[in-house]
Each structure stands twice: as C-alpha cells, then as structure tokens.
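Atoms considered below: every heavy atom in the structure, side chains included; atoms not considered: hydrogens, waters and symmetry mates. Numbering of ligands and ligand atoms starts at 1, following listing order. Owing to the predicted nature of the structure, the values given are computational and were not obtained by experimental measurement.
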Amino acid sequence: MNTIVINDTTLRDGEQAAGVTFNIEEKVAIAKFLDAIGVNELEVGIPAMGEVETTAIAAISNLNLQAQLLGWNRAKISDIQASIACGLQRVHISVPVSEIQIDAKYHGQWRVMLQKLKETISFACDRGLWVAVGGEDASRADENFLVDVALYAQEWGASRFRFCDTVGILDPFTTYTKVKQLVMYLAIPVEMHTHNDFGLATANALAGLQAGALSVNTTVNGLGERAGNAALEEVVMALKRLHKIDLGIDTTRLLELSRLVAAASGCKVPPWKAIVGENTFAHESGIHAHGILQNPVTYEPFAPEEVGWERRLVAGKHSGRHLVANLLQQQGINVNIDETQSLLDAVRQQSIQNKRSLDIQELLSLYHCTR
Ligand SMILES: CC(=O)SCCNC(=O)CCNC(=O)[C@H](O)C(C)(C)COP(=O)(O)OP(=O)(O)OC[C@H]1O[C@@H](n2cnc3c(N)ncnc32)[C@H](O)[C@@H]1OP(=O)(O)O
Ligand SMILES: O=C(O)CCC(=O)C(=O)O
C-alpha cells in the first residue's frame with residue numbers, strides 16, 4: 001500500500017450531492033486548496049454538462065496545478081470532445097457493468113456498451129489523452145463479466161480501472177475479495193470508488209487498498225451522491241495513523257479545507273464527524289477530562305494539531321471536579337479540588353437546563369455565585 005494515489009472527486013461526485021452547487025470561484029478555490037496540501041489528482045467535473053461547467057474546468061486547467069486533472073465522461077465521443085475543449089489531458093470514461101445498469105442505459109445490449117467503450121478509448125488515446133475507465137456498479141456486476149470489461153479496457157488503452165460500489169452495498173470483507181480478484185487479473189492499477197449508504201465508504205475504500213488497489217476516490221467531508229463518498233480526511237488519516245502510510249499530504253490543513261467545502265456546499269459537518277467534526281477533540285465527561293489532563297493519549301487517537309484542531313475541555317452535565325478546576329485554573333483561579341462539588345452541581349443543573357455545555361463566562365459566573 002505504498003504508492004497510493006488520492007484522486008479526489010469533491011468537484012465531481014461531491015458536487016452531485018442533491019442541492020449542492022459550487023460556483024467557479026468556489027471550484028477554483030477548492031482545487032487550489034487540494035493541490036496545495038498535496039492531493040495527487042482531482043476529478044474536476046463533467047465537461048458534458050455544458051458551458052458553466054466547462055468554464056470552471058478550463059479555469060482550473062489554466063492554473064497549472066501540480067495535481068493531475070481528470071474530466072468525467074460517459075462512453076460518448078461528444079463527452080470526450082468536451083473534455084478536450086476544456087484543456088484536460090486526462091479523461092475518465094464510465095461504463096455500466098452490472099446487468100441492472102446495462103439494462104437501464106443500453107437496453108441490456110452489453111456488446112453495444114463494449115463497442116462504445118472501445119470507440120471512446122480509441123478516440124481519446126488517438127488524441128494523446130491519458131485514459132481511465134470506470135466500471136459503474138461494479139459491486140453488483142457479474143464478477144467474470146467485470147474482469148472481462150476491465151481486461152478489454154486495458155487492452156484498448158486504458159491506464160487505470162475504477163471499481164465502483166455505486167450504491168454502497170459492500171462491506172469490507174466482500175470488497176476485499178472482489179477487488180483482490182480484479183487486481184489479480186489486471187496489469188493496470190485499480191481505483192476504489194465507494195459510497196456511504198451503509199456508513200462503510202471509508203472502510204470499503206481501505207479494504208480495496210488492502211486488496212491491492214493503488215488509487216482511491218475521496219471527497220472532502222464525505223460529500224457526494226445520497227449518503228456520500230469516502231471522506232478525504234478519513235482515508236488520509238486512517239492510512240497515516242492505522243496503516244503507517246504517510247501520503248505526504250499536509251494534514252494540518254484538513255480542518256481548514258473541511259470548512260471551505262462546508263461553506264461552499266452549504267452542507268454543515270455534524271459535530272461527531274470523524275477528523276473534522278467539532279466534537280472530535282472536545283472533552284466534557286469527567287473521567288475523560290481527568291485522563292486527558294494526565295495524558296491526552298488516554299482519550300485521543302492522535303494530537304488535534306495534526307489535523308488543525310485544538311483540544312477543548314468544556315464544562316457540562318457530565319463533567320467532574322478535575323475538569324472544572326482546570327478550566328478555572330486557566331482563568332487564573334486556583335481552587336482546591338475538594339471544594340468544587342457545589343460548583344459542579346450548579347454546572348450540571350445549568351447544563352441540563354440549557355441543554356448544552358457552558359462557556360467560560362457562564363462557568364465563571366457560577367463560580368462567583370457558589371463561593
Ligand atoms: C454513478 C454516477 O455518479 S454517474 C455520473 C452522474 N452524474 C450526473 O448525471 C451529473 C451530470 N449530468 C448531467 O448534467 C446530464 O445528465 C448530462 C449532461 C450528462 C446528460 O443530460 P441529458 O442528455 O439530458 O440526459 P439524461 O441525464 O436525462 O440521461 C442520461 C443519458 O446518458 C446515458 N448514459 C448514462 N450513463 C452512460 C454511460 N456511462 N455511457 C454512455 N451513456 C450513458 C443514458 O443512457 C441517457 O441517454 P439517452 O439520453 O440517450 O437516453
Ligand atoms: O466513474 C464511474 O464509473 C462512476 C462513478 C460513480 O460516481 C459511481 O459509480 O458512484
């Protein structure tokens with residue numbers, strides 16, 4: 001798992017989340033940010049969508065970023081032409097590979113699908129483009145047929161094949177088995193594209209990488225169709241911290257990036273969201289805060305600064321004396337731990353009444369009232 005490519009699709013699948021639209025400035029800002037922190041590759045959009053999209057893609061293309069840029073295409077010559085017109089040198093061509101999708105898009109005529117794939121790969125390769133192919137709904141495809149399509153794509157000139165769990169129905173174990181088989185047959189790298197319909201997108205992406213995939217689609221905050229995609233920040237941190245694979249991405253800016261995409265998409269990040277949620281390094285519970293004050297490793301998997309956060313202790317319903325005493329100490333008030341019980345009782349009461357934790361001013365005024 002050492003030469004993994006992150007191909008971030010915030011600007012394509014991320015923007016496909018219902019109700020989300022990025023304007024040109026936002027698309028450019030997100031692309032620049034992803035590039036600046038060291039993301040290798042960006043799927044920047046769908047040129048076939050028309051002028052608004054192609055103008056944004058061309059603007060990103062003109063930035064001459066370090067990251068490789070890809071346009072997403074159907075197996076249609078006109079889609080490839082639209083990608084070329086944006087100045088893209090890399091195209092991703094998607095074809096349906098499950099019976100369900102081939103029925104819906106090609107009236108069940110898989111030979112026609114293969115013919116279109118061959119034509120579009122050749123058209124792109126003849127124009128000097130680097131071509132990747134995506135197997136849409138690969139997770140529900142007949143496994144032998146999937147391998148055949150991928151082998152044809154490879155033979156016709158594709159440089160990578162994307163395994164798509166389009167409706168997010170796999171678990172990590174089945175993902176591993178299916179991707180392992182594909183990797184075994186192909187000489188070109190396999191890319192993972194996972195969806196979060198059962199909350200398993202990141203786990204499945206990692207399972208695919210364990211099985212030998214060398215590239216992975218992510219989106220910032222896990223934004224994307226329906227329940228979203230594998231989150232960039234989760235995949236990068238899981239690889240770094242759980243698998244000891246540092247992709248060279250500046251993780252200290254992940255929070256800033258998350259906030260940029262949350263603002264541009266209008267999609268708030270839930271407080272409990274891994275890595276970038278507001279509560280990921282906030283501690284209210286007495287036993288946790290007591291542990292953290294002695295050694296942060298007791299209740300944190302890594303230091304908050306590694307992803308751009310600062311640790312926060314907050315007083316609330318579940319707090320204990322050590323936490324409250326520490327917060328007061330930070331304000332220059334030294335209290336004997338054994339004399340904080342009445343203050344703690346007042347904190348609980350007010351927190352229950354307000355249905356939230358207390359800010360420092362509220363804690364201070366309770367302290368003065370209970371003296
Ligand atoms: C799993 C995924 O995320 S796939 C990506 C999905 N993303 C999007 O759909 C967002 C952007 N899409 C769009 O802006 C529009 O759908 C467009 C511009 C691509 C096409 O718009 P329209 O021409 O109005 O077609 P519409 O969206 O209604 O239908 C999709 C068409 O693409 C065809 N199609 C779908 N997938 C493929 C494919 N992989 N290869 C070739 N054709 C395909 C469908 O069969 C249908 O064709 P038809 O019009 O000949 O019946
Ligand atoms: O690239 C493809 O083939 C399809 C990607 C996708 O968005 C999906 O399958 O969910």
If we count only non-hydrogen protein atoms and require a distance under 4.0 Å, does atom 36 (N) of ligand 1 qualify as touching the protein? yes
Of all protein heavy atoms, the one nearest atom 40 (N) of ligand 1 is Ala75 N, 3.1 Å
Main-chain N/O of Trp272 paired to Asn279 side chain as donor or acceptor, under 3.5 Å: no
Would you check if the side chain of Asp359 reaches a backbone N or O of Glu362 as a donor-acceptor pair within less than 3.5 Å? yes
In terms of residue, atom name and distance, what is the protein heavy atom nearest to atom 45 (O) of ligand 1? Lys105 O, 3.7 Å
Going by salt bridge (Lys or Arg N to Asp or Glu O under 4.0 Å), Arg241 matches just one of Glu233, Glu306, Glu300, Glu234. Which one? Glu306
Please answer whether the main-chain N or O of Ser258 pairs with a side-chain N or O of Asn221 as donor and acceptor at a distance below 3.5 Å. yes
Looking at atom 7 (N) of ligand 1, is any protein heavy atom nearer than 4.0 Å to it? yes
Could you pull out, from Lys76, Arg74, Met49, the option with a heavy atom nearest to atom 20 (C) of ligand 1? Arg74
4.0 Å protein heavy-atom contact status of atom 32 (O) of ligand 1, strictly under: yes
Who's the nearest protein heavy-atom neighbour of atom 39 (N) of ligand 1, and how far? Ser94 O, 2.7 Å
Under 4.0 Å from atom 26 (P) of ligand 1, is there at least one protein heavy atom? no
May I ask you to check whether Pro96 has an N/O atom sitting below 3.5 Å from an N/O atom of ligand 1? no
Any protein heavy atom sitting closer than 4.0 Å to atom 50 (O) of ligand 1? no
Just distances here: any N/O of Trp72 and N/O of ligand 1 closer than 3.5 Å? no
Nearest heavy atom to atom 3 (O) of ligand 1, choosing from Glu225, Gln16, Glu15, belongs to Gln16
Does atom 22 (P) of ligand 1 have a protein heavy-atom neighbour under 4.0 Å away? no
Under-4.0 Å heavy-atom contact between protein and atom 14 (O) of ligand 1: yes
Tell me whether Arg312 forms a cation-pi arrangement with Phe281, defined as NZ or CZ under 6.0 Å from the six-membered ring centre and within 45 degrees of its axis. no
Under a 4.0 Å threshold between the charged nitrogen and the carboxylate oxygen, would Glu43 count as salt-bridged to Arg90? no
With a 3.5 Å cut-off and no angle check, do the side chains of Ser139 and Asp165 form a donor-acceptor pair? yes
Can you see whether Ser98 engages Asp137 through a side-chain donor-acceptor pair at a distance of less than 3.5 angstrom? yes
Sub-3.5 Å donor-acceptor pair from the side chain of Ser351 to the main-chain atoms of Val347, do we have one? no
Got a donor-acceptor contact below 3.5 angstrom from the Asn196 side chain to the Leu200 backbone? yes
Is the shortest distance from a heavy atom of Met113 to ligand 1 less than 4.0 Å? no
Select one of side chain, backbone, both or neither to describe which atoms of Arg12 lie under 4.0 Å from any atom of ligand 1, heavy atoms only. side chain
Check for a donor-acceptor pair, side chain of Glu53 on one end and backbone N or O of Ile46 on the other, with a separation under 3.5 Å. yes
Give the numbers and elements of all ligand 1 atoms closer than 4.0 Å to a heavy atom of Ile46. 7 (N), 10 (C), 11 (C)
Please tell me whether Gln115 and Arg111 have a donor and an acceptor in their side chains that are separated by less than 3.5 angstrom. no
Ion pair check, Arg253 and Glu256, cut-off under 4.0 Å: yes
Quick test: of every protein heavy atom, which one is nearest to atom 41 (C) of ligand 1, and how far off is it to 0.1 Å? Tyr106 OH, 3.2 Å
Give me the one residue out of Val307, Thr251, Ile245 that meets side-chain contact (heavy atoms from CB on, under 4.5 Å) with Lys240. Thr251
the protein heavy atom lying closest to atom 18 (C) of ligand 1 turns out to be Ala48 O, 3.7 Å
Could you go through Ser122 and Trp156, starting from their C-alpha distance and side-chain angles, then the distance that decides it, and tell me whether this counts as side-chain hydrogen bond (donor to acceptor under 3.5 Å, both in side chains)? CA-CA 7 Å; Ser122 304; Trp156 295 331; over 6 Å; no
Cut-off 3.5 Å, side chains only: do Gln349 and Asp345 have a donor facing an acceptor? no
Amino acids in close contact with ligand 2, where any non-hydrogen atom sits under 4.0 angstrom away: Arg12, Asp13, Trp72, His92, Ser94, Gly134, Glu136, Arg162, Cys164, Thr166, His193, His195
Quick check on contacts: which atoms of ligand 1 are under 4.0 angstrom from a heavy atom of Glu136? 1 (C)
